[in-house]
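Down below is the structure, laid out as structure tokens.
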Amino acid sequence: MDDELHERVREVIASVPAGSVATYGDIASVSGAPSPRLIGRILSEDGQDLPWHRILRADGTPAPHLLDEQLQRLRAEGVIPDGQRVDLRKYRWQRDPDNDAGLGGLF
DNA sequence: TCCTTGACAGATT
DNA sequence: AAATCTGCCAAGG
């Protein structure tokens, strides 16, 4: 059921902790989406209730139309963007190797 | 049914 | 380092 995938993607995005960010590719990989494009599409349609501002592109730069709002919201959460770019090395959300994934045993 | 568009990513040039 | 090309999947015209 592809609806499940859609739901899973939202779940993963919702599981990203404040003060951290993730890339579309990461979300796609963790959620099992076939392509990161799906993430963007889902967010554009059904991401109103999700922390979409924590999702960045692979370079650490948010999407062009969201750029203002994105950086502003991130800054409010403690993420300090370097110009238009966020240090993924520091803020990128990665599953704790010691603790299980942020999925909370979704698998 | 084919073509275009879009919150992307990675490899090339 | 920056611009370009290619592959990717789904939805709408």
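In the text below, chain A, chain B and the rest are named by the order of the sequence lines, each starting its count at 1. None of these values were measured; they are calculated from a predicted model.
Pairing each heavy atom of S31(A) with each of I27(A), the nearest pair is OG-O, 2.6 Å. Smallest separation of non-hydrogen atoms from H53(A) and L74(A): O-CD2, 3.2 Å.
The residue from L43(A), L66(A), V12(A), L50(A) that alone fulfils the side-chain contact (heavy atoms from CB on, under 4.5 Å) condition with I55(A) is L43(A).
In this entry the distance linking CD1 of I13(A) with C1' of dA7(B) reads 10 Å, nearest Å. Rounded to an integer number of Å, the gap from CG of L38(A) to C1' of dA9(B) is 13 Å. Between the CG atom of D26(A) and the C1' atom of dA7(B) there is a distance of 15 Å, given to the nearest Å.
Distance check on atom C1': dG6(B) versus dC8(C) gives 12 Å, rounded to whole Å.
One finds no salt bridge joining R73(A) and E77(A) here, because no Lys/Arg side-chain nitrogen approaches an Asp/Glu carboxylate oxygen to under 4.0 Å. Ion pair D26(A)/R92(A) flagged as a salt bridge, since at least one NZ, NE, NH1 or NH2 atom sits closer than 4.0 Å to an Asp/Glu carboxylate oxygen.
Considering OG of S15(A) and CZ of R54(A), their distance stands at 9.5 Å, rounded to 0.5 Å.
Taking a 4.0 Å limit (strictly below) on heavy-atom distances, residues 51-79 of chain A reaches DNA chain B at W52(A), R57(A), A58(A), A63(A), H65(A), L66(A).
Bounding nucleotides for the chain A contact on DNA chain C, 5' to 3', at a heavy-atom distance below 4.0 Å, are dG7(C) to dA11(C).
Checked by atom type and distance alone, the side chain of Q70(A) pairs as donor or acceptor with a backbone atom of W52(A) at under 3.5 Å. Here the side chain of R85(A) pairs a donor or acceptor atom with the backbone of D59(A) at under 3.5 angstrom.
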